[in-house]
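Residue numbers run from 1 in the order of the sequence given. Quick caveat, the model's predicted, so the values are computed rather than measured.
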Amino acid sequence: AESVWVVFKDRPLVIFLVCAVMFHFANAAMLPLLGEQLAKGQGRSSMLFMSACVVTTQLVIALLASWSGRLAGTWGRKPLLLIAFGVLPIRGVLYTLTSNTALLVAIQILDGIGAGIFGVVSVLVIADLTRGTGRFNLTLGAITTAVGIGAALSQVIAGSIVHRVGPHAGFMFLAV
């Protein structure tokens, strides 16, 4: 059995791994931070707003999944990944510009766009980068682990920033 370290010897894979970790680092804490924003002064209705955010994201992901796969074959992977990566900072900045609940929920459409595209295209990129090596599962596991670490760090670091400076600073940090 090969060591997982063989993945880190492949420069294009390492670059993609770093991009995947940064994507999830920027993305993971945004919904929980939004949930905190929506809960302020809303009482029990805050759960309804948070549910609306989750449903909005999942609906967009479901609608984009098939489209992303088809478009990845014609446009290529990089343009789609740039779209997925590009909506994250826009989303983070937009959260700082309004406190309107309906708009905050609507901004979650961008989460669905980013996550929907990334979820499909990242698997295609891994397949492309590991073609003929027999390392698809090893690489997918390594990247999934790294992404999980990035997502966990996102929660800790952004949460600390929000605690010390406030939610706008947290969203701007994630956007950057």
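Checked by atom type, the side-chain pair Arg70/Ser66 shows a donor-acceptor distance below 3.5 Å.
Side chains of Thr139 and Leu129 form no contact here, defined as non-hydrogen atoms less than 4.5 Å apart. Looking only at side-chain heavy atoms (C-beta outward), Thr130 and Leu13 come within less than 4.5 Å of each other. When side chains are defined from C-beta on, Leu138 counts as touching Val6, because their heavy atoms get closer than 4.5 Å. Side-chain contact check for Phe85 versus Asn27: every heavy-atom pair is 4.5 Å or farther apart. Side-chain contact between Phe136 and Arg131: absent, with no pair of heavy atoms (C-beta onward) separated by less than 4.5 Å. At least one side-chain heavy atom of Val54 sits less than 4.5 Å from a side-chain heavy atom of Leu31.
Residues Ile117 and Ile90 are members of one and the same hydrophobic cluster, defined by side-chain heavy-atom contacts under 4.5 angstrom among Ile, Leu, Val, Met, Phe, Trp and Tyr. The hydrophobic clustering, which links ILVMFWY residues whose side-chain heavy atoms are closer than 4.5 Å, places Ile149 and Val156 apart. Residues Leu124 and Leu80 do not share a hydrophobic cluster, clusters being chains of Ile/Leu/Val/Met/Phe/Trp/Tyr side chains in contact below 4.5 Å. Linking ILVMFWY side-chain heavy atoms closer than 4.5 Å, directly or via other members, places Phe49 and Leu59 in two distinct hydrophobic clusters. Residue Val120 is not grouped with residue Leu64 when hydrophobic side chains (ILVMFWY) are merged at heavy-atom distances under 4.5 angstrom, including chains of intermediate members.
The shortest heavy-atom contact between Val21 and Gly150 is CG1-CA, 4.0 Å. What you find for Ala72 and Arg77 is that their closest heavy atoms are O-NH1, 3.1 Å. What you find for Thr144 and Leu140 is that their closest heavy atoms are OG1-O, 2.7 Å. Contact between Leu103 and Thr98 at its shortest, heavy atoms only, is CD1-OG1, 3.7 Å. Scanning all heavy atoms of the two residues, the minimum distance from Gly112 to Ile61 falls at O-CG1, 3.5 Å. Among all heavy-atom pairs drawn from Leu33 and Ala158, the shortest one is CD1-CB, 4.2 Å.
Interatomic distance, Ile126 CD1 to Ile143 CD1, rounded to the nearest 0.5 Å: 4.0 Å. We find the CG-NE2 distance between Leu88 and His24 to be 9.5 Å, quoted to the nearest 0.5 Å. Taken from CD1 in Ile107 to SG in Cys53, the straight-line distance is 9.5 Å, to the nearest 0.5 Å. The distance from the CZ atom of Phe25 to the CD1 atom of Ile157 is 4.0 Å, given to the nearest 0.5 Å. Atom CG of residue Leu81 and atom CZ of residue Phe16 lie 6.0 Å apart, to the nearest 0.5 angstrom. In this structure, the separation between OG1 on Thr57 and CG on Leu34 is 9.0 Å, given to the nearest 0.5 Å.
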Requested in this report: Given side-chain contact (heavy atoms from CB on, under 4.5 Å), test Tyr95 with Met30 step by step and report yes or no.
Outcome: CA-CA 9 Å; Tyr95 284 143; Met30 281 199 198; 4.1 Å; yes
Query raised in the report: Can Leu94 and Phe171 be said to form a side-chain contact (heavy atoms from CB on, under 4.5 Å), step by step?
Result: CA-CA 9 Å; Leu94 287 176; Phe171 283 123; over 6 Å; no
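Screening residues 154-174 for side chain to side chain donor-acceptor pair (under 3.5 Å) gives no qualifying pairs among residues at least two apart or on separate chains.
Ring planes of Phe23 and Phe118: parallel class, angle under 30° (limits at 30 and 60°).
Under a cut-off of 6.0 angstrom, the local environment of CH2 in Trp75 is sparse, with at most 12 non-hydrogen atoms contributed by other residues, nucleotides or ligands.
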